[in-house]
Amino acid sequence: MTSPDQHKPGNRKAGRIGAVLTALVLLAMLCGNHEGRVEDIWLVGLAVLLLAIVVGDAVLRRNGLRS
C-alpha cells in the first residue's frame, strides 16, 4: 500500500488551463439578465480568486518553494 502523498500528481498544465477557462466563463456570466449587483460581485470575486491561485502557484514553483 502507498500513502496518498506518494501518488503522482495530476497534470498541472491542464489544471491551470481549466482554472483560467473557468474564470473566463465566470466573467462571461456578467452579461446576463440579473438586476442586482451581488451576483456581479461574486462572479468577479471568484474569477479573481481563481486567477490569483494560478499566479501564486506559478510564482511559488518558479522560486522553488513548491515541488
Side-chain angles (χ1 to χ4, degrees):
M1 283 203 106
T2 60
S3 64
D5 61 342
Q6 292 175 333
H7 294 222
K8 184 177 178 184
N11 191 347
R12 293 182 186 123
K13 188 173 182 179
R16 288 180 183 175
I17 292 171
V20 171
L21 289 177
T22 302
L24 291 175
V25 168
L26 287 172
L27 292 175
M29 288 183 194
L30 289 173
C31 301
N33 60 354
H34 52 276
E35 296 180 10
R37 291 292 165 206
V38 176
E39 295 92 346
D40 293 343
I41 293 170
W42 274 99
L43 290 171
V44 171
L46 289 174
V48 168
L49 177 65
L50 274 174
L51 294 175
I53 290 171
V54 170
V55 170
D57 181 57
V59 168
L60 287 177
R61 288 188 188 281
R62 181 174 297 148
N63 292 337
L65 298 176
R66 292 198 60 185
S67 57

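Computed from heavy atoms alone, side chains included, the values below leave out hydrogens, waters and symmetry copies.
Rounding to the nearest 0.5 angstrom, the gap separating the CG atom in Leu46 from the CE atom in Met29 is 10.5 Å. A distance of 10.5 Å separates CG of Leu26 from CG of Leu49, quoted to the nearest 0.5 Å. Distance CG/Leu50 to CG/Leu27: 9.5 Å, rounded to 0.5 Å. Atoms CG and NE2, on Asp40 and His34 in that order, are 3.5 Å from each other to the nearest 0.5 Å.
In terms of the side chain to side chain donor-acceptor pair (under 3.5 Å) criterion, Arg62 has no residue partners (sequence neighbours excluded).
The hydrophobic clustering, which links ILVMFWY residues whose side-chain heavy atoms are closer than 4.5 Å, places Val44 and Leu24 apart.
Heavy-atom minimum distance, Val54 versus Ala19: CG2-CB, 3.5 Å.
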